Peer 1: 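Before I ask anything, let me first share the structure, which is written out below as structure tokens.
We number each residue from 1, following the sequence as shown. These figures come from a predicted structure and were not determined experimentally.
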Amino acid sequence: MDNSASIYELPLSNAKTEAKADPAFSGTTTTATDSPTSTRPQTPSIFPPSGAANKPGSEGNGSHPVDLNGLSWPSIGAEKRRNESEEEREARLAKMSGAVKTLLECIGEDPDREGLLKTPERYAKALMFLTKGYDESMNNIMNGAIFNEDHEEMVIVRDIDVYSLCEHHLVPFCGKVSIGYIPNQRVLGLSKLARVAEMFSRRLQLQERLTKQIAIALDEILHPQGVAVLIEASHQCMVMRGVQKPGSKTITSFMLGRFRTDPKTREEFLSLVK
């Protein structure tokens, strides 16, 4: 368990928030009242019950944007990875290095030649860094940087660089994300928007899921009037291989609240992030 304060211990604003459908819960709803003493609803455990329809980490029943440990849609091994000892970490890296050495042999290479001697260990460490978002805690990322503020106009941080790995081919996709929200008496430190995007991108991902996870997590934390996320990225799985189309871009967006219901608000956001 994190020693940092949970985001659910932070005070809610006095502003009334409508009951809203949470897209991460297949039709279930989360409701906040206008009482200043309202608290966040109890969140599910990290992993769903045995036999649940959805696996850990999926956006369905049994998973949650932010659980009580601060983990967000954790994979099945996230908690173990996060809490492992130094000896366990070394054993993990050794196992990964052995797997990489096998891959080198399978493609016809000599893993014992000079240039490849340390490649298995290097790649194992690199992959742990590239997937560090699995065991990062939202509590640590927020670090208390949620403030009560009488501001109800759009806040946008645009062109945040993101780097991720396509879960289908384990090759990179990278691009820029723009995040906007309309506060409901609570604002977030600007750098935290970039940190949230970084946390979710440092996983095996789909761009569609990445876009959605950023938006839903921010909505869960801030209860704003609306959240909008737009990502434009280049996928090496269709540049280096497959259809081989350099220069192609994939654009995804996800809107909640006023950005979804009010066309003028959505249009304003899209025009500002161009």
Peer 1: Give me the atom names and distance for the closest heavy-atom approach of P111 to K101.
Peer 2: CB-CG, 3.7 Å
Peer 1: Between S75 and Y134, what is the shortest heavy-atom contact and its length?
Peer 2: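 Closest approach of S75 to Y134: OG-CD2, 3.6 Å.
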Peer 1: Test of understanding: clusters of I, L, V, M, F, W, Y form through side-chain heavy atoms closer than 4.5 Å, transitively. Do L170 and L127 belong to the same one?
Peer 2: yes
Peer 1: Among residues at least two apart in sequence or on other chains, which ones pass ring-ring contact (aromatic ring centres under 6.0 Å, His included) with Y123?
Peer 2: none
Peer 1: Once rounded to the nearest 0.5 Å, what's the spacing between atom CG of L256 and atom CG of D219?
Peer 2: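 Rounded to the nearest 0.5 Å, the CG-CG separation comes out at 5.0 Å.
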Peer 1: Please check if F259 and L270 belong to a single hydrophobic cluster, counting links between Ile, Leu, Val, Met, Phe, Trp and Tyr side chain heavy atoms closer than 4.5 Å.
Peer 2: yes
Peer 1: With no hydrogens and no angle check, do the side chains of T211 and T252 hold a donor and an acceptor under 3.5 Å apart?
Peer 2: yes
Peer 1: Would you say that more than 12 heavy atoms from the other residues, nucleotides or ligands in this model lie under 6.0 Å from the NZ of K80, or not?
Peer 2: no
Peer 1: Using only atom types and a distance under 3.5 Å, with no angle test, would you say the side chain of R186 pairs donor to acceptor with the backbone of I221?
Peer 2: yes
Peer 1: In this structure, are over 12 heavy atoms from other groups packed under 6.0 Å from R195 atom CZ?
Peer 2: no
Peer 1: Roughly how far apart are L204 CG and L210 CG, rounded to 0.5 Å?
Peer 2: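 Rounded to the nearest 0.5 Å, the CG-CG separation comes to 12.0 Å.
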Peer 1: Keeping D262 on the side-chain end and K264 on the backbone end, is there a donor-acceptor pair under 3.5 Å?
Peer 2: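 Between the backbone of K264 and the side chain of D262 there is a qualifying donor-acceptor contact (under 3.5 Å).
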Peer 1: Would you say the side chain of K176 lies within less than 4.5 Å of the side chain of I160, judging by non-hydrogen atoms?
Peer 2: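 I160 vs K176: side chains apart.
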Peer 1: Is there side-chain contact between I146 and V187, with at least one heavy-atom pair below 4.5 Å?
Peer 2: no
Peer 1: Would you name the heavy atoms of I216 and P65 that are closest together and state the gap between them?
Peer 2: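 Nearest pair, atom of I216 first, then P65: CG2-CG, 3.6 Å.
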Peer 1: Taking C-beta and beyond as the side chain, do D110 and L116 meet within less than 4.5 Å on heavy atoms?
Peer 2: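 Not touching, per the 4.5 Å side-chain cut-off.
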Peer 1: Heavy atoms, side chains only, cut-off 4.5 Å: are F200 and Q205 in contact?
Peer 2: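 Sidechains of Q205 and F200: in contact.
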Peer 1: So, for V177 and A197, which heavy atoms are closest and what is the spacing to 0.1 Å?
Peer 2: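 Shortest heavy-atom separation between V177 and A197 comes out as CG1-CB, 3.9 Å.
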Peer 1: Hey, is the main chain of R158 close enough, under 3.5 Å, to the side chain of S178 for a donor-acceptor pair?
Peer 2: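 Between the backbone of R158 and the side chain of S178 there is no qualifying donor-acceptor contact (under 3.5 Å).
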Peer 1: Quick one: does Y181's side chain have a donor or acceptor within less than 3.5 Å of a partner on L188's backbone?
Peer 2: yes
Peer 1: Between E84 and R92 (salt bridge meaning N to carboxylate O under 4.0 Å), is one present in this structure?
Peer 2: yes
Peer 1: How long is the gap from CD on E153 to CD on E268, to the nearest 0.5 Å?
Peer 2: 8.0 Å
Peer 1: Taking S85's backbone N and O only, do any of them form a donor-acceptor pair with E88's side chain (distance below 3.5 Å, no angle check)?
Peer 2: yes
Peer 1: Centre of F254's six-membered ring, under 6.0 Å away, within 45 degrees of the axis: is that where NZ or CZ of R260 sits?
Peer 2: yes
Peer 1: Salt bridge (charged side-chain N to carboxylate O under 4.0 Å, His left out) with K192: which residues, sequence neighbours excluded?
Peer 2: none
Peer 1: Hey, can you pull the donor-acceptor pairs under 3.5 Å for the side chains in residues 225-239, sequence neighbours left out?
Peer 2:
{"residue": "Q225", "atom": "OE1", "partner": "R258", "partner atom": "NH1", "Å": "2.9"}
{"residue": "Q225", "atom": "NE2", "partner": "P183", "partner atom": "O", "Å": "2.9"}
{"residue": "H235", "atom": "NE2", "partner": "Q207", "partner atom": "OE1", "Å": "2.7"}

Peer 1: Identify, with sequence neighbours excluded, every residue that meets salt bridge (charged side-chain N to carboxylate O under 4.0 Å, His left out) alongside R202.
Peer 2: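 Here the qualifying residues are E198.
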Peer 1: For the side chain to side chain donor-acceptor pair (under 3.5 Å) test, which of E152, E149, H151 pairs with Q185?
Peer 2: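 Of all the options given, the one that passes is E152.
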Peer 1: Would you check, one step at a time, whether the test side-chain contact (heavy atoms from CB on, under 4.5 Å) holds for M199 with S72?
Peer 2: CA-CA 9 Å; M199 182 188 76; S72 300; 3.7 Å; yes
Peer 1: Under the side chain to side chain contact (heavy atoms under 4.5 Å, CB included) rule, collect the residues that match up with A124, sequence neighbours excluded.
Peer 2: L93, M96, S97
Peer 1: Side chains of V196 and M138: closer than 4.5 Å at any heavy-atom pair?
Peer 2: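 When only atoms from C-beta onward are counted, M138 and V196 do touch, with a gap below 4.5 Å.
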Peer 1: Test of understanding: clusters of I, L, V, M, F, W, Y form through side-chain heavy atoms closer than 4.5 Å, transitively. Do I179 and M154 belong to the same one?
Peer 2: no
Peer 1: Test of understanding: clusters of I, L, V, M, F, W, Y form through side-chain heavy atoms closer than 4.5 Å, transitively. Do L117 and L104 belong to the same one?
Peer 2: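 Different hydrophobic clusters.
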Peer 1: Are side-chain heavy atoms of T265 and I182 found at a separation under 4.5 Å?
Peer 2: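 With C-beta onward as the side chain, the pair touches.
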Peer 1: Have T131 and R81 got a donor and an acceptor in their side chains that come within less than 3.5 Å?
Peer 2: yes
Peer 1: Measure the spacing between OG of S164 and CZ of F173 and express it to the nearest 0.5 Å.
Peer 2: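 Spacing of OG (S164) from CZ (F173) equals 3.5 Å.
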Peer 1: Taking only residues two or more places apart in sequence, or in another chain, which ones meet E208 in a salt bridge (charged side-chain N to carboxylate O under 4.0 Å, His left out)?
Peer 2: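 E208: no salt bridge (charged side-chain N to carboxylate O under 4.0 Å, His left out) contacts found.
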Peer 1: Taking CD in Q244 as the centre, count heavy atoms belonging to other residues, nucleotides or ligands within less than 6.0 Å. Is the count above 12?
Peer 2: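 Yes, enclosed.
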Peer 1: Could you go through the side-chain contact (heavy atoms from CB on, under 4.5 Å) check for C174 and V162 one step at a time?
Peer 2: CA-CA 6 Å; C174 56; V162 288; over 6 Å; no
Peer 1: Quick one: does R203's side chain have a donor or acceptor within less than 3.5 Å of a partner on G133's backbone?
Peer 2: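 Yes, R203 side chain to G133 backbone: donor-acceptor pair under 3.5 Å.
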Peer 1: Any link between V273 and I214 through a network of hydrophobic side chains (Ile, Leu, Val, Met, Phe, Trp, Tyr) touching at under 4.5 Å?
Peer 2: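 V273 and I214: separate clusters.
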